[in-house]
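The structure appears below as structure tokens.
Below, all heavy atoms of this structure are taken into account, side chains as well, without hydrogens, waters or symmetry copies.
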Amino acid sequence: MRDMLASQKDFLSNAREVHAKELESAKKAHSDEVATLKNDLEKLRGEVDSKDGAIDSLQSQVKSMQEEHTVVVAKHEKDGSTMRDMLASQKDDLSSEMQAYHA
């Protein structure tokens with residue numbers, strides 16, 4: 001009976017060692033996976049930060065271009081108005097000269 005108990009004790013001891021090694025291996029694999037995921041996450045955060053910076057830069061460029069466009073449109077409108085006024089004035093001058101010529 002003693003031999004049988006000793007044999008079972010050895011069997012259980014061996015099984016415990018095998019399970020302990022399996023557990024340790026699983027813990028190591030889990031730890032490695034967590035480290036890999038942390039590195040991947042840091043890379044992704046870096047990419048997001050970089051893209052956020054690019055977006056901010058592009059938004060600033062768009063705003064600047066919109067402001068330039070507004071200034072150019074206003075200048076063209078002013079120039080157009082000035083030209084219309086000049087043409088109207090010249091038309092009036094020519095009309096006056098025509099009337100004086102025919103009189």
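- Listed for the Ser31 side chain is no donor-acceptor partner under 3.5 Å among the backbone atoms of Lys27.
- A donor-acceptor pair under 3.5 Å is formed between the side chain of Ser95 and the backbone N or O of Lys91.
- Partner Ser89 forms a side chain to side chain contact (heavy atoms under 4.5 Å, CB included) with one of Asp92, Asp93, Asp85 and no other, that one being Asp93.
- Within the structure, the salt bridge (charged side-chain N to carboxylate O under 4.0 Å, His left out) test picks out no pair touching residues 47-73 (sequence neighbours left out).
- Between Thr36 atom OG1 and Lys38 atom NZ the span is 11.0 Å, to the nearest 0.5 Å.
- The closest donor-acceptor contact from the side chain of Ser13 to the backbone of Lys9 lies at 3.5 Å or more, if one exists at all.
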Distance-only criterion, 3.5 Å: show the donor-acceptor pairs between side-chain atoms of residues 14-23 and protein atoms not counting sequence neighbours.
unit_1, atom_1, unit_2, atom_2, d
Asn14, ND2, Asp10, O, 3.4

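- Taking Gln99 as the reference, nothing meets the side-chain contact (heavy atoms from CB on, under 4.5 Å) condition, with sequence neighbours excluded.
- Applying the salt bridge (Lys or Arg N to Asp or Glu O under 4.0 Å) test to Asp79 and every residue at least two apart in sequence or in another chain returns Lys75.
- For Val73, the side-chain contact (heavy atoms from CB on, under 4.5 Å) criterion is met by His69, Glu77, not counting sequence neighbours.
- Applying the salt bridge (charged side-chain N to carboxylate O under 4.0 Å, His left out) test to every pair with at least one member in residues 28-37, sequence neighbours left out, gives these pairs: Lys28-Asp32.
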### Message
Would Gln8 and Leu5 count as a side-chain contact (heavy atoms from CB on, under 4.5 Å) here? Give the steps.
### Response
CA-CA 5 Å; Gln8 285 180 345; Leu5 289 176; 4.0 Å; yes
